[in-house]
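The chain is numbered in sequence order, starting from 1.
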Amino acid sequence: MLKATLRSFLAHKGRLLLSALAVVLSVAFVAGSLIFSDTVTRTFDRLFASTAADVSIEPKDDLTSSVPTGAVQTLPASLAAEVARVDGVAAARPDVGVQNITVVDSENESVGPTTGAPTIAADWNVTDRSPVRLTSGRAPRGDGEALLDADTADKKHVKIGDTLTVMAQPGTFRVRIVGIATFRTTNPGSALVFLDPKAAPALLLGSADLATGVSVDAAPGVTDAELKRRVSAAIGPGPYEVRTADEQAKSSAESLGGFLDVIKYVMLGFAGISVLVGVFLIVNTFSMLIAQRTRELGLLRALGADRRQVRRSVLTEAVLLGLVGSTLGLAAGIGLAAGLIRLMSAFGMNLKTTEMVVGWGTPVAAYAVGVGVTFVAAYLPARRAAAVSPMAALADADGAGVGRPLKVRAVVGSVLGALGAAALVGCAVSSETASAASLLGLGVVLTLVATVVAGPLLVRPVIRVLGGAFPALFGTVGRMSQRNALRNPRRTGATAAALMVGLALVGGMSVASASMSKSFDQQIDDTLGADFVVQNANYTPFSQEVTDAVRGTDGVGLVVRQRFAPVAVRLPDGKRVETTAAGYDDGVDDVAHVTYASGDTAAALAEGAIGMDVGFAEDHGVRIGSVLPVEFPGGRTTELKVTALTDQDAADGFGMQGGLFFGIATVEKYVPGGQDSALYVNAAGDGGADQLRPKLERTLDAYPQVQARDQADYKKLVHDQIAVLLYLVYALLGLAIVIAVLGVVNTLALSVVERTREIGLLRAIGLGRRQLRRMIRLESVVIAVFGAVLGLALGLVWGVCIQQVLALQGMKALAVPWGTVVAVVIGSGIVGVVAALLPAMRASRMNVLAAIAHE
């Protein structure tokens, strides 16, 4: 049996190659994502470990916020001198490092990265643990000189002697580049500007008496843990965080973890799609191979092989296929990781392929995925193979599954479909976001499985409609192509299912993204009343100088500032909620349309007051007049009285969770040193917006970090951000289509082999080569369009349910991108034509007499 299995595997290696490609793609994305993330993690672990001081002291920050405020947490620079007197301390020095700056060249072009990485200004304190070393020029002296990192200098064409302008929170200043510093290990993608240590505190923090941290070196024989204990005892339980080198490296690595997780999860999403679609391909391939080998398997049974041996033989072939696919996929994954590493270099993160990490877990995961997928996918065909009767060797056996009843599929598909539909209906009528999302996930899984199971039941009615025009358009060839697609519903359904999965995904996400865009458009129309909004594309804050310049622009009337603050609010129901609140100037009613359930803007912006969303208030037992304890960064606390409740469709800029907002004076008091995140600007006088725009743009030419946008620009910005998600979905769709094309090619190729004698007879009675190719192409097109119709129908239902979940967050508009739907159907027809090219060519080149004599 082993010999027979190996010979069978080698005899069909050409037919199994396309199935192996699905395994290769699945394994490549899994292995590539693991190798890439392990390499980046190891590289940065080494960077953080080699640059962290023995003990670091930083201001304690108990509040976390994804929205930057522009404020820098500081501590007294004199703390370094106090720590230096502690027994066991060899040296202690104050550090200065900030990210709330913008650096431009002599032409007002930004010198910072465009990839989202920060621009960092720091003092030039050189030690053997510094991440960079001076490679040309000299160290900065005084407040007019600076160093620049080599990667930024090369990318932005900055050389020694050039002058840069630094826009910092205390004010703007100019520096001349006197040296270039090169990273010792890896550049994480940031732009680094180094200043004279004596000048940096005043220039970056506004005071020579402040620092952002203290680095402490241990004396010989003193461990980091012991030094931390002594330093902590000396400075007391103040608002400071004391960490050892290992703790500091771990903390830095955790802050990078979110970025790495995004890449890892995206690649694992591609791997998941590959696995899911590949399962259909492998099931179909093994089912057809077994159907074609019915006589061979029957002969083995007649010679004495029992059911277990036959089943084991087929599963052994699947394991061999998995091993081959996993090995090739692992190699492809290494190549994919190398490509990602080079891609990261283009974004400024300079990793080295020579330091690629292939941990033991990567090959284990690769072979587990590859072998596991093929084994599971081949199990049902293997069971069908074991059920072949010994008498089949004497019979002229037809393909498996032709004409067999589909009662079991009908029952299982109906039950799963009913459960899935009930879950989606529950999602649509739910009033809680969490439960609606859970029901949505359950409904998506159940309806997808139900459609796959019941797909063959839909083949005959749907394809009769889709191919109904074929006889009229293409005559006998069209009629035969339609009947070929109807001949084996199981095969047609499984082939179309691979394409259906991808198109269901893109259909659902297209509806969701179109609905989000339309909802945001409506919210912007309903809430934004300002002529212009001045802000950064990624919502990072900007210096006071920008605000002053905008206010001084000719034609500017009202300017309302927006400034964010991380807060923790203790609510009447006992919960402590960490969120981000927003502060505003008076005049909000002139730049925004706010609907209130209670109170008004003046009450909300008054001293000691706070406003919030009415839904959030009701959920936590808050009423008008409630007094809430509020925590701010740096341990600052106060109590604020709830004086207004908004009734907006969504959080539309007036805070994050809970829609908390108050007067900007509250932010300035409890988050000192913060920066504005947006300016809402109205032109002076009626009809002045058109005249104001060019003046405002001229003012902002000197500040490339911010732009002035009207309502149309603001909508485009939101649309572009939503489009990023859609591009990812389209990439997933592209991968699914590639594998689905392989599935259609495989099915048609095996179908041609299965119908060799039939094709020979058709050719003998006068069917031309061109007519034969057309017949196979039409069969492929109708199968592909069938998959597209099922996928889009399912995806549109999912999309409507996703929109219902979004509606609970205020995005109530529903939009169906019919242009995308039509384009996908047309594209599916093209996919069918492309997939049929090779099988049709092979069929047309058959020798007629040899085909008729084929057994």
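Using a 4.5 Å cut-off on side-chain heavy atoms (C-beta onward), Ser517 and Val718 make no contact. Residues Val534 and Gln707 are not in side-chain contact: their nearest non-hydrogen atoms beyond the backbone lie 4.5 Å or more apart. In this structure the side chain of Lys518 never reaches within 4.5 angstrom of the side chain of Met811, judged on heavy atoms. By the 4.5 Å heavy-atom criterion applied to side chains, Val550 and Val681 are counted as neighbours. Between Trp798 and Leu440, every side-chain heavy-atom pair lies at or beyond the 4.5 Å cut-off. Val594 is not listed as a side-chain neighbour of Thr527, based on a closest heavy-atom distance of 4.5 Å or more. Using a 4.5 Å heavy-atom cutoff, the side chains of Thr646 and Asp613 are in contact. Counting heavy atoms from C-beta on, the side chains of Met612 and Leu645 come closer than 4.5 Å.
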Assess whether side-chain contact (heavy atoms from CB on, under 4.5 Å) is satisfied between Ser780 and Val833, documenting all intermediate values.
-> CA-CA 7 Å; Ser780 176; Val833 172; over 6 Å; no
When you look at Gln705 and Val546, which way does the side-chain contact (heavy atoms from CB on, under 4.5 Å) test go after all the steps?
-> CA-CA 10 Å; Gln705 74 271 37; Val546 175; 3.9 Å; yes
Under the side-chain contact (heavy atoms from CB on, under 4.5 Å) rule, what do Leu717 and Arg709 come out as? Steps first, then yes or no, please.
-> CA-CA 9 Å; Leu717 175 65; Arg709 299 183 179 89; 3.8 Å; yes
For Val556 and Phe532, run side-chain contact (heavy atoms from CB on, under 4.5 Å): C-alpha distance rounded to whole Å, both residues' side-chain angles, the deciding distance at 0.1 Å, then the answer.
-> CA-CA 10 Å; Val556 167; Phe532 298 98; over 6 Å; no
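For the 3.5 Å distance criterion, the side chains of Tyr584 and Thr601 fail to qualify, holding no donor opposite an acceptor. Donor-acceptor pairing under 3.5 Å is recorded for the side chains of Thr553 and Thr699.
Using a cut-off of 4.0 Å between Lys/Arg side-chain N and Asp/Glu carboxylate O, Glu578 and Arg576 are scored as salt-bridged. Ionic pairing of Asp713 and Arg693 is present here: one or more N-O contacts between side-chain nitrogen and carboxylate oxygen are shorter than 4.0 angstrom. Electrostatic pairing of Lys715 and Asp525 counts as a salt bridge here, judged by a charged N lying under 4.0 Å from a carboxylate O.
Side chain of Gln803 to backbone of Lys812: a donor-acceptor contact under 3.5 angstrom is found. Side chain of Ser430 to backbone of Gly426: no donor-acceptor contact under 3.5 angstrom is found. A distance-only check finds a donor-acceptor pair linking the side chain of Asn682 to the backbone of Asp531 [under 3.5 Å]. Without hydrogens or angle criteria, Asp676 side chain to Arg561 main chain gives no donor-acceptor distance under 3.5 Å. Of the possible polar contacts, one joining the Ser519 side chain to the Ser515 backbone as a donor-acceptor pair under 3.5 Å is found. Counting only distance, with no hydrogens or angles, the side chain of Ser513 and the backbone of Met509 share a donor-acceptor pair below 3.5 Å.
In terms of heavy-atom proximity, Phe786 sits nearest to Gly455 at CZ-O, 3.9 Å. Between Gly112 and Thr119, the closest heavy-atom pair is CA-OG1, 3.3 Å. Listed here is the closest heavy atom pair of Asp600 and Ala603: OD1-N, 2.9 Å. The two residues Pro817 and Ala514 have their closest heavy-atom pair at CD-CB, 4.1 Å. Closest approach of Pro704 and Ser110 over heavy atoms only: CG-N, 4.1 Å. Listed here is the closest heavy atom pair of Ala530 and Tyr680: CB-CB, 4.0 Å.
Rounded to the nearest 0.5 angstrom, Phe616 CZ and Thr579 OG1 are separated by 7.0 Å. Note: Ile802 CD1 to Met516 CE = 10.5 Å, rounded to the nearest 0.5 Å. To the nearest 0.5 Å, atoms OG1 (Thr451) and CG (Leu458) are separated by 7.5 Å. The distance from the OG atom of Ser626 to the CD1 atom of Ile610 is 11.0 Å, given to the nearest 0.5 Å. A distance of 14.5 Å separates CG of Leu700 from NZ of Lys695, quoted to the nearest 0.5 Å. Atom CG of Asp710 is separated from atom CG of Leu692 by 11.0 Å, given to the nearest 0.5 angstrom.
No more than 12 heavy-atom neighbours from other residues, nucleotides or ligands sit within 6.0 angstrom of CZ on Arg623.
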